[in-house]
Amino acid sequence: MRRAAPERRADTGAMSAGEPLCRVDTGSFRSSGSGSSRSSAKHQVSSLTLCCNVVLSITGTAVLGISAQMKTFGWILTPLVLLLGVLITSEMVHLVAVTSEQLEARGERILVSYQDFAEAALGKTGWWLSAVSSTLSLFGMIFGGLILESHNLQLTSPILWPWPLGGDVNDAGRKWWAVLLTSTTLFYSFVDIGSLLHNSAWIGVGLTLFCMVCVYGGTFAEFQSAEDFHDSCRSSEAVPFQSFGINVASASGPLESFLGTFSVFSYIMYAFAIVVTLPTLRSTMKEKRSLTITCVVAFVIVAVEFLIIMLSYYWVFGNLGPENIIDGLKKMRDETLPGWWATSNPWAVGVPTRFAEALGWGITLHLLCSDAIYVPVTVVATEALLPPAWVAKRWVSILLRVAVALLRLLVAALVQDFIKMTNLTSAACVTMNNIILPILAFYSVPDLPSSRLRKLLHAVVLAFGVSSMVFGTISAILDLAASGNNLATGTFPRPGISEECFQAFCQLNQGHASCTSK
């Protein structure tokens, strides 16, 4: 019997209170038994309800960075990689569904969590692989959540206090917001209000729809700004404004270009990472056999939503677009910095639009709702990995909660980029539960039919999944390490701009140091 936290339980497997609600099987860290079976029997849902829940769960903070993946693969390959992500995830859903059905038919207990599934198929090894990767995924998610919350609040309500420990003066306000928001981490660590949010799931639904409207509205509103970008500054000596294939010119070398491909795949797989919730979702369905087709329909709907945003983003911002789409929703660029189109990170220059402010607040409230569930679950998940005798001691329980809050603050203070943190979480942790374990579990159960072609495809996907874990993690770590060397927004000249672009800027800023020294 697997260990569980002795005092607290987390049951958030199929809820929809906030983003990213379907990233890890947070309902897996509770004891299984008749109580779980009775609970699942009370909440039987239809295929349509499940489809809507999956769509809403995926379309959360993933929309903020999905468009920026166009900068690596361009007009053609990025949509194809998105389609590949849908196909792989759909196949993993099928594998988990048929494997679960076979395990239950053999007399195994009713599978209500991903750890149940992994243990039934692969034994204790499966349980530990799933439990550890899920716990690390949870940490990655709450780290990324605080990074994004502090970034959004600094965007909408900037703090101008200096940071006492030095560092980038332009990042001081975001760090102060991270400190202030740590109070919510401590509160959620000691006071479990997740059950209240279970009964208010409509809040998450409303916030998700609100954020999607803001993303679409804000992106479409930027179409008029595309005409303001100076033609001579669109493409640099090495990087075109837009690409049809892999944009190798933006990489510093072949290795970086190679690693960048895994970053894109990691982010897309993170967006569709609902595989770990499937046993929980399946246990709540009226028609369990319709799980695969229901999820596939949801994936197609989300892919179309993402594709519209991605293509619109790339048409306006090109390869110069920001990693986080909120940073590109600006106005009054000419008034803020004449010649902004010749500077680094040009689209982030200006004053946030109404859409940016609304989206920032919407995403922040969305994340705060999620924190009320995911912070306690992270604590419970960590306790589940510790010896029960340790967890039973009150001082250990208190110290663990304080340590989680401080570790979250430390990471948020050191890491500025939510997207790169997401890539690290996906590559290092999410891939295990969403690609590797479903394939291993499927082939560990006898008598499950599979053609030679399908076996070959599974072998390729498994090899790619392992490669993604290795190279995607390396890529994310290198990106995080290099992010501190990025030029500040509005720095002139942007590396690689043409002489015509340089002179166009200097005509508007004749007193600029770079113009007078040349």
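Heavy atoms only: backbone and side chains are in, while hydrogens, waters and symmetry mates are out.
- No donor-acceptor distance shorter than 3.5 angstrom exists from the side chain of Ser150 to the backbone of Ala178, with no hydrogens or angles considered.
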- Task: Under the ring pair (Phe, Tyr, Trp, His ring centres under 6.0 Å) rule, what do Trp341 and Phe505 come out as? Steps first, then yes or no, please.
- Result: CA-CA 8 Å; Trp341 19 259; Phe505 177 90; 7.0 Å; no

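- Between Phe306 and Phe272, the angle of the ring planes goes over 60°, which puts this pair in the perpendicular group of the 30/60° scheme.
- Looking at residues two or more places apart in sequence or on another chain, you find a disulfide bond (SG atoms under 2.5 Å apart) between Cys506 and Cys515.
- Heavy-atom neighbours of Glu335 CD from other residues, nucleotides or ligands within 6.0 Å: above the threshold of 12.
- Side chains of Asp334 and Trp340: a donor-acceptor N/O pair is present below 3.5 angstrom, by distance only.
- In this structure, the side chains of Val275 and Leu278 come closer than 4.5 Å at one or more pairs of heavy atoms.
- Judged by distance alone, the side chains of Thr277 and Thr280 never bring a donor and an acceptor atom under 3.5 Å apart.
- With no hydrogens or angles considered, a side-chain donor-acceptor pair links Thr208 and His366 at under 3.5 Å.
- Of the possible donor and acceptor atoms, one in the side chain of Ser235 sits under 3.5 Å from a partner among the backbone N and O of Phe241.
- Gln503 and Gln507 share no donor-acceptor pair across their side chains, judged by distance under 3.5 Å alone.
- No donor-acceptor pair under 3.5 Å is formed between the side chain of Lys330 and the backbone N or O of Val349.
- Not counting sequence neighbours, the partners of Glu323 by the salt bridge (charged side-chain N to carboxylate O under 4.0 Å, His left out) test are Lys71.
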Side-chain donor-acceptor distances from residues 463-471 under 3.5 Å, at least two apart:
| from | atom 1 | to | atom 2 | distance (Å) |
| --- | --- | --- | --- | --- |
| Ser467 | OG | Ala463 | O | 2.9 |

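- Taken to the nearest 0.5 Å, the CZ atom of Phe220 stands 13.5 Å off from the CH2 atom of Trp315.
- Within the 3.5 Å criterion, the main-chain N or O of Ala356 finds a donor-acceptor partner in the side chain of Thr353.
- The number of heavy-atom neighbours closer than 6.0 Å to CH2 of Trp163, taken from other residues, nucleotides and ligands shown, is above 12.
- Judged purely by atom type and a 3.5 angstrom limit, Ser344 uses its side chain to pair as donor or acceptor with the backbone of Thr491.
- Side-chain contact between Val415 and Phe143: absent, with no pair of heavy atoms (C-beta onward) separated by less than 4.5 Å.
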- Between Asn53 and Leu281, is a side-chain contact (heavy atoms from CB on, under 4.5 Å) present by the stated rule, with each step listed? CA-CA 10 Å; Asn53 188 38; Leu281 295 174; 4.2 Å; yes

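- Of all the heavy atoms in Ser90 and Val86, the pair that sits closest is OG-O, 2.7 Å.
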- Task: Give the intermediate values and the outcome of side chain to side chain donor-acceptor pair (under 3.5 Å) for residues Thr49 and Ser46.
- Result: CA-CA 5 Å; Thr49 301; Ser46 65; 3.0 Å; yes

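- With a 4.5 Å cut-off on side-chain heavy atoms, Phe299 and Cys51 do not count as touching.
- By the 4.5 Å heavy-atom criterion applied to side chains, Met269 and Val430 are not counted as neighbours.
- There is a side-chain donor-acceptor pair under 3.5 Å between Glu91 and His458.
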- Query: Can Tyr188 and Tyr374 be said to form a ring pair (Phe, Tyr, Trp, His ring centres under 6.0 Å), step by step?
  - Reply: CA-CA 9 Å; Tyr188 293 148; Tyr374 281 98; over 10 Å; no

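- Checking side-chain atoms of Asp417 against main-chain N and O of Lys420 turns up a donor-acceptor pair under 3.5 Å.
- For the pair Val404 and Phe139, the minimum side-chain heavy-atom distance is below 4.5 Å.
- Checked for salt-bridge contact, Asp371 and Arg408 meet the test: a charged N lies under 4.0 Å from a carboxylate O.
- For the atom pair Thr184 OG1 and Leu367 CG, the distance stands at 10.5 Å (nearest 0.5 Å).
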- Query: Hey, mind stepping through Ser47 and Ser290 against side chain to side chain donor-acceptor pair (under 3.5 Å) and telling me if it holds?
  - Reply: CA-CA 7 Å; Ser47 298; Ser290 65; 2.8 Å; yes

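- Closest approach of Pro162 to Ala172, counting heavy atoms only: C-CB, 4.3 Å.
- A donor-acceptor contact closer than 3.5 angstrom is absent between the side chains of Ser312 and Thr219.
- Side-chain atoms of Thr261 come within 3.5 Å of backbone atoms of Phe258 as a donor-acceptor pair (strictly under, hydrogens ignored).
- Of the N and O atoms on the side chains of His151 and Asp327, at least one donor lies less than 3.5 Å from an acceptor on the other residue.
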- Verify side-chain contact (heavy atoms from CB on, under 4.5 Å) between Val215 and Leu359, making sure each step is shown before the conclusion. CA-CA 7 Å; Val215 169; Leu359 180 58; 3.7 Å; yes

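- With values rounded to the nearest 0.5 angstrom, Glu149 atom CD is found 11.0 Å from Trp177 atom CH2.
- Side chains of Arg494 and Cys233 form a contact here, defined as non-hydrogen atoms less than 4.5 Å apart.
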- Task: Tell me, with the steps shown, if Gln154 and Trp176 meet side-chain contact (heavy atoms from CB on, under 4.5 Å).
- Result: CA-CA 9 Å; Gln154 179 63 13; Trp176 277 116; over 6 Å; no

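- Checked by atom type, the side-chain pair Glu222/Ser225 shows a donor-acceptor distance below 3.5 Å.
- The shortest non-hydrogen separation linking Pro352 to Leu155 is CG-CD1, 3.7 Å.
- With rounding to the nearest 0.5 Å, the separation of CG in Leu365 from CG in Leu207 is 6.0 Å.
- Nearest heavy atoms, Asn433 versus Pro438: O-CD, 3.4 Å.
- The CG atom of Leu329 lies 11.0 Å from the CD atom of Glu357; values are rounded to the nearest 0.5 Å.
- Atom CZ of residue Phe502 and atom CD1 of residue Ile497 lie 6.5 Å apart, to the nearest 0.5 angstrom.
- Panel note: side chain Asn345, backbone Leu487; no donor-acceptor pair is recorded below 3.5 Å.
- When side chains are defined from C-beta on, Ile419 counts as touching Asn423, because their heavy atoms get closer than 4.5 Å.
- Nearest approach of Ala298 to Val54, heavy atoms of both residues: CB-CG1, 3.6 Å.
- Remark: the backbone N or O of Glu305 is paired with a side-chain donor or acceptor of Tyr216 at under 3.5 angstrom.
- Nearest heavy atom pair, residue Trp347 against residue Pro322, reads CB-CD, 4.2 Å.
- Within the 3.5 Å criterion, the main-chain N or O of Ser243 finds a donor-acceptor partner in the side chain of Tyr314.
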- Item | Residue pair Thr336, Arg333: steps toward the side-chain contact (heavy atoms from CB on, under 4.5 Å) verdict | CA-CA 5 Å; Thr336 302; Arg333 291 187 175 94; 5.7 Å; no

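- Side-chain contact between Val296 and Val93 is absent, with no heavy atoms from C-beta onward closer than 4.5 Å.
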